[in-house]
Amino acid sequence: MPLSADYIARETATNLWRNRLMTVAAVLTVAVSLALVGAALVLKQGAANAEVEWQRGTQVEVWMNPTSSPSENHAISNELAQLPYVHACSFHSQLSDYHEAQKLLTTSEFSALTPKTTPASYRCTPNQPQDAQFVVNRFKGQPGVLKVGAPLQQIHTMEETITVLQWVFVAVALVLLLSAGVLILNTIRMAIFARRREVSVMKLVGATNWFIRLPFMSEGLVQGLVGSIVAASVVFGLHEVLNSLSNNSTSVLAQMRLTGWEIFGTDAIVIVIGALIGTVGSAVAIRRFLDV
Amino acid sequence: MIRFDNVTKVYKNGTVAVRNVSLDIQKGEFVFLVGPSGSGKTTCIRMLLREELPDRGRIWVAGREIIHMPKWRVPYLRRNVGCVFQDYRLLPNKTVFQNVAFALEVIGRPKNVVETQVPQVLELVGLAKKRDNLPSELSGGEQQRVAVARAFVNRPLILLADEPTGNLDPATSQGIMRLLDRINRTGTTVVIATHDAALVDWMRRRVVELDQGTIVRDQARGVYGIDATSGSIARTEVGARRTS
């Protein structure tokens with residue numbers, strides 16, 4: 001049967017306006033539910049970003065013996081440069097470490113040090129935090145090396161925490177998505193239930209199921225899109241607020257900061273979910289009224 | 001045009017709505033289905049629209065066997081069968097014109113056809129001047145006329161009516177009957193399930209009487225109840241049909 005776009009557009013607009021209270025209810029349900037889903041997705045991405053930031057900051061410190069020879073220093077430096085799992089290293093001279101110690105140590109502790117007795121150090125960032133263990137094993141006990149230090153326990157704890165945190169956010173997003181789906185489906189079903197008589201008249205005069213279904217799906221699409229655009233705006237607003245709060249800060253919030261593309265991607269996911277839930281939800285909700 | 005062949009319908013609660021009904025209705029006939037409440041009249045109408053399926057037997061409508069018809073073909077069946085109900089079943093938010101036009105839009109008729117045919121049928125039912133009114137602004141008789149117009153606008157082969165005058169006063173009911181009679185004269189087969197004895201007696205058309213799901217009378221120019229003179233003839237007719 002020819003089913004014109006004009007007919008669908010006309011029916012959609014008329015029905016949305018005629019059932020405006022139900023339309024507003026459906027749009028609000030989509031908006032609130034998907035804003036929560038979007039927020040959970042933002043937090044999940046934030047946790048992933050924080051992990052990357054934190055990985056970048058993980059360092060292994062290879063402390064050289066103050067009495068080590070230049071050739072020993074050179075050998076260590078060469079070896080570090082060749083290791084595939086070491087991203088970058090910086091060399092801190094004895095004098096530089098002496099000045100750093102001055103800032104970090106108490107006066108009584110610092111008074112025991114002189115530039116000559118302060119060890120020089122290589123500060124290296126491994127490709128992955130778990131690679132720190134390999135660096136430690138490799139240089140421990142080598143000639144000229146005083147000590148190799150890495151926050152191995154912290155790395156383990158932090159990695160576990162962030163992994164758990166990411167899964168929690170994914171689970172929260174999924175649960176919210178499920179409840180959003182049920183809520184939206186229920187709202188659409190109520191809207192269609194109120195119009196079951198109209199559907200029965202359509203069936204009576206010989207309308208095919210697609211002829212009846214398409215305007216309803218189109219309505220669902222509009223409701224889902226409008227609701228999800230509101231949700232995407234809320235998610236974007238949340239992102240902006242978090243950004244402004246974390247400006248010039250080194251807190252966790254700053255580490256969690258999302259890039260423009262990431263927030264665009266999250267918003268796109270929210271909008272696609274909204275459109276899908278609206279369209280498919282309407283098709284599912286109307287199914288039982290078509291079986292006459 | 002319509003044929004029931006040993007049709008039996010039993011509802012889930014065990015009620016036998018129709019029992020071994022066999023009936024032939026020719027093209028262009030005007031038939032009343034009469035009988036008390038629960039006699040199976042509405043079930044027959046619903047089965048003709050494929051809203052219900054019988055448990056046994058076969059039904060032909062407009063040359064097609066409809067029991068084994070695939071679901072996707074049912075809308076096409078309904079386009080050949082106009083239907084009118086006691087409660088009008090109009091769309092309350094559409095005007096008279098839109099309600100009638102809807103039946104054409106649904107079957108994909110182009111706009112120019114809609115704009116030609118709807119005023120014609122509204123003229124036929126006497127509602128040309130009320131084309132822009134909503135159903136709530138019309139009387140019961142006028143609403144039923146709109147329902148008849150909607151059922152007839154695409155010139156179906158068959159027009160079914162289930163208690164079409166159930167909510168109307170006698171004078172208005174006669175008006176609806178005249179209208180259905182006019183439609184019948186265009187060649188459309190008309191089947192009316194009704195309780196309205198006065199109308200059946202007034203029209204003097206073929207009467208099929210059902211009682212507890214069984215045809216007890218089939219009379220060519222009958223009245224609502226069995227009278228002393230026609231009763232024996234009617235029973236003979238039914239008996240003759242069953243044995244043939």
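Convention: sequence-line order gives letters A, B, ...; per-chain numbering from 1.
Contacts between B:D87 and chain A at a heavy-atom distance below 4.5 Å involve backbone atoms as well as side-chain atoms. Heavy atoms closer than 4.5 Å to chain A are found in the backbone of B:L90, but not in its side chain.
A 6.0 Å sphere centred on NE2 of B:H195 holds more than 12 heavy atoms belonging to other residues, nucleotides or ligands. For A:R213, the CZ atom is densely surrounded, since the number of other residues' heavy atoms within 6.0 Å is greater than 12. No more than 12 heavy atoms of other residues, nucleotides or ligands lie within 6.0 Å of CZ in A:F193, so this atom counts as exposed by the packing criterion. Heavy atoms from other residues, nucleotides or ligands lying under 6.0 Å from CZ of B:R182 number 12 at most. Surrounding CZ of B:R56 are at most 12 heavy atoms belonging to other residues, nucleotides or ligands under 6.0 Å away. Counting non-hydrogen atoms of neighbouring residues, nucleotides and ligands closer than 6.0 angstrom, the CZ atom of A:R287 reaches no more than 12 such neighbours.
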**Message:** Let's go through A:N209 and B:W72 carefully: what are the C-alpha distance in whole Å and the side-chain angles of both, what is the deciding distance for side-chain contact (heavy atoms from CB on, under 4.5 Å) to 0.1 Å, and is it a yes or a no?
**Reply:** CA-CA 8 Å; A:N209 283 352; B:W72 66 269; over 6 Å; no
**Message:** Set out, in order, the CA-CA distance, both residues' side-chain angles and the distance that settles side-chain contact (heavy atoms from CB on, under 4.5 Å) for B:V106 and A:F211, then state yes or no.
**Reply:** CA-CA 7 Å; B:V106 154; A:F211 189 90; 3.5 Å; yes
**Message:** Does B:R150 form a side-chain contact (heavy atoms from CB on, under 4.5 Å) with A:L204? I'd like the steps, not just the answer.
**Reply:** CA-CA 11 Å; B:R150 184 183 62 192; A:L204 185 74; 4.0 Å; yes
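Residues A:K203 and B:R78 approach most closely at O-CD, 3.3 Å, considering heavy atoms. When all heavy atoms are compared, the tightest approach of A:V205 to B:I107 is O-CG2, 4.2 Å.
Using a 4.5 Å cut-off on side-chain heavy atoms (C-beta onward), B:E105 and A:R10 make contact.
In this structure, B:R89 contributes its side chain and A:V201 its backbone to no donor-acceptor pair below 3.5 Å.
Atom CD of A:E198 sits about 7.5 Å away from atom CG of B:N93, to the nearest 0.5 Å. Separating the OG1 atom in A:T208 from the CZ atom in B:R79 is a distance of 6.5 Å, to the nearest 0.5 Å.
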Show me the donor-acceptor pairs within less than 3.5 Å that the side chains of residues 114-127 of chain B make with the rest of the protein, sequence neighbours left out.
from   : atom 1 : to     : atom 2 : distance (Å)
B:T116 : OG1    : B:N112 : O      : 2.6
B:Q117 : NE2    : B:V153 : O      : 2.8

